[in-house]
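Okay, so here's the structure we're looking at.
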Amino acid sequence: MNKSALRRTLSATAVAGGTAALMMAGIAGASAHVSVDPNKTAANSYALLTFGVPHGCGTSGTTKVAINLPEELTDATPTVNANWTVEKVTENLTEPRKLADGTSITKRTSQIVYTAKAPLDPHMRDALVLSVKLPDAAGKTIYFPTYQTCETGNTDWIEIPKDGQSEDDLKSPAPAISITPAAAEGDHHAATAVSTEQASAVTSDDGSQARSWAGLVAGIAGLGLGGAAFFRSRAAKPAVAKADSSK
């Protein structure tokens with residue numbers, strides 16, 4: 001293998017490795033906030049909302065996570081998580097609210113509180129899942145202010161961007177999802193909303209994080225191809241020498 005080909009192979013391998021490293025750094029950055037990742041966002045549909053808790057308060061473990069439900073929601077059903085106990089907090093409405101089925105309610109679930117059975121290690125993450133009926137409000141973004149309590153200290157993920165303000169400008173943005181138009185009859189696949197971590201995920205485990213992992217896999221594949229090309233070139237060299245000696 002001549003020096004020029006070797007340099008090209010090593011250069012391609014270095015670029016692929018650098019890309020993989022940058023994607024890993026991006027994934028780490030995306031996991032900085034408590035975020036929410038819905039499995040669907042279609043208006044007037046049921047959805048599972050996964051709240052990712054990526055870290056504690058500095059070096060202190062998380063002991064409680066309280067998720068406020070936006071005014072547009074009247075209830076939520078928590079998914080059992082063996083690491084936490086969970087309770088619903090209700091509030092009385094100032095006036096009865098009529099639901100889509102024609103019934104009226106005088107109170108609603110305003111908050112879901114998860115309490116850790118043992119503090120969540122600050123270097124570990126967990127996911128808390130709620131089942132909710134999304135409002136019939138296509139085009140609207142709804143927010144879930146979340147309060148994270150730790151053994152020492154706390155972090156309030158409650159900031160909501162003002163008109164014209166980007167979530168990137170916020171230090172502790174509230175988890176949020178954007179409601180999309182209702183799915184057409186017979187269409188059971190709704191688009192996944194972008195996580196508030198821009199992206200997470202738990203999160204975070206959101207769509208952008210999945211794309212980051214896909215890119216990372218591509219980067220690693222590039223490393224493998226570069227290495228394979230190098231060894232194939234090395235293996236081919238003795239064969240060329242043998243052919244020359246037979247002349």
Side-chain angles (χ1 to χ4, degrees), residues 21 23-39 47-71 73 75-91 108-132 141-161 165-177 193-210 212-213:
M23 288 181 176
M24 283 297 289
I27 291 172
S31 301
H33 306 310
V34 169
S35 65
V36 58
D37 180 27
N39 71 327
L48 294 177
L49 307 182
T50 300
F51 291 81
V53 185
H55 57 69
C57 308
T59 59
S60 181
T62 300
T63 58
K64 182 182 294 186
V65 176
I67 303 168
N68 280 12
L69 300 185
E71 292 291 336
L73 302 183
D75 196 15
T77 302
T79 299
V80 174
N81 185 315
N83 300 319
W84 309 74
T85 60
V86 61
E87 65 175 323
K88 293 183 178 183
V89 176
T90 60
E91 69 174 4
R108 77 177 190 104
T109 301
S110 60
Q111 188 179 70
I112 305 294
V113 181
Y114 284 90
T115 302
K117 294 179 180 178
L120 176 63
D121 188 305
H123 304 297
M124 303 293 285
R125 69 179 304 282
D126 208 339
L128 310 175
V129 183
L130 302 180
S131 173
V132 303
T141 298
I142 57 175
Y143 296 88
F144 297 80
T146 300
Y147 299 84
Q148 180 183 14
T149 303
C150 299
E151 292 179 287
T152 301
N154 62 276
T155 303
D156 296 339
W157 305 98
I158 61 175
E159 293 183 295
I160 297 175
Q165 186 178 26
S166 169
E167 286 187 354
D168 295 335
D169 298 328
L170 304 179
K171 182 179 179 181
S172 303
I177 62 173
V194 176
S195 159
T196 56
E197 334 175 33
Q198 296 301 313
S200 168
V202 289
T203 211
S204 113
D205 291 340
D206 51 24
S208 61
Q209 195 165 4
S212 297
W213 278 112

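Not measured: the values here are computed from a predicted model.
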Between Cys150 and Thr62, does the side chain to side chain contact (heavy atoms under 4.5 Å, CB included) criterion hold? Intermediate values first, please. CA-CA 4 Å; Cys150 299; Thr62 300; 3.9 Å; yes
Rounded to the nearest 0.5 Å, how far does CD1 of Ile67 lie from CG of Leu130? 5.0 Å
Donor-acceptor contact below 3.5 Å, side chain Thr146 vs main chain Phe144: yes
Report the residues that fulfil salt bridge (Lys or Arg N to Asp or Glu O under 4.0 Å) with Lys117, sequence neighbours left out, ordered by chain and then residue number. none
Considering only heavy atoms from C-beta outward, does the side chain of Val86 approach that of Asn81 to under 4.5 Å? no
Residue set satisfying side-chain contact (heavy atoms from CB on, under 4.5 Å) with Thr155, at least two apart, ordered chain then number -> Cys57, Gln148, Trp157, Ser172
Which distance, rounded to the nearest 0.5 Å, do you find between the CD1 of Ile142 and the CD of Glu71? 11.5 Å
Please name the pair of heavy atoms, one in Ala76 and one in Val132, separated by the smallest distance, quoted to 0.1 Å. CB-CG1, 3.7 Å
Heavy-atom side-chain proximity of Gln111 to Glu91 below 4.5 angstrom: no
Nearest heavy-atom pair of Gly58 and Pro122: which atoms, and what distance? O-CB, 3.8 Å
Checking side chain to side chain contact (heavy atoms under 4.5 Å, CB included) for the pair Val53/Tyr114: CA distance, chi angles, key distance, verdict? CA-CA 11 Å; Val53 185; Tyr114 284 90; over 6 Å; no
Mind running side chain to side chain contact (heavy atoms under 4.5 Å, CB included) on Val89 and Val113 for me, showing each step along the way? CA-CA 8 Å; Val89 176; Val113 181; 4.0 Å; yes
Side-chain donor or acceptor of Glu159 paired with backbone N/O of Lys171 under 3.5 Å: yes
Short side-chain to backbone donor-acceptor contact, Asn39 and Leu48, under 3.5 Å: yes
Once you round to the nearest 0.5 Å, how far does OG1 of Thr59 lie from CG of Asp121? 10.5 Å
Heavy-atom distance under 4.5 Å between the side chains of Val34 and Val65, does that happen here? no
Which heavy atom of Thr141 sits nearest a heavy atom of Ala176, and at what distance? CG2-CB, 3.9 Å
For the residue pair Leu170 and Pro161, establish whether any side-chain heavy-atom pair is separated by less than 4.5 Å. yes
With rounding to the nearest 0.5 angstrom, report the CH2 to CG distance, Trp84 to Leu128. 5.5 Å
Under the criterion side-chain hydrogen bond (donor to acceptor under 3.5 Å, both in side chains), I'd like the reasoning laid out for Thr50 against Asp37: C-alpha separation, chi angles, the key distance, then a yes or no. CA-CA 5 Å; Thr50 300; Asp37 180 27; 5.8 Å; no
Taking every non-hydrogen atom, the tightest pair across Arg108 and Pro70: NH1-O, 3.1 Å
Do any N or O atoms from the side chain of Ser60 and from the backbone of Glu151 form a donor-acceptor pair under 3.5 angstrom? yes
May I ask you to decide if Tyr147's main-chain N or O and Lys64's side chain share a donor-acceptor pair within less than 3.5 Å? no
Ser110 versus Leu69: any side-chain heavy-atom pair under 4.5 Å? no
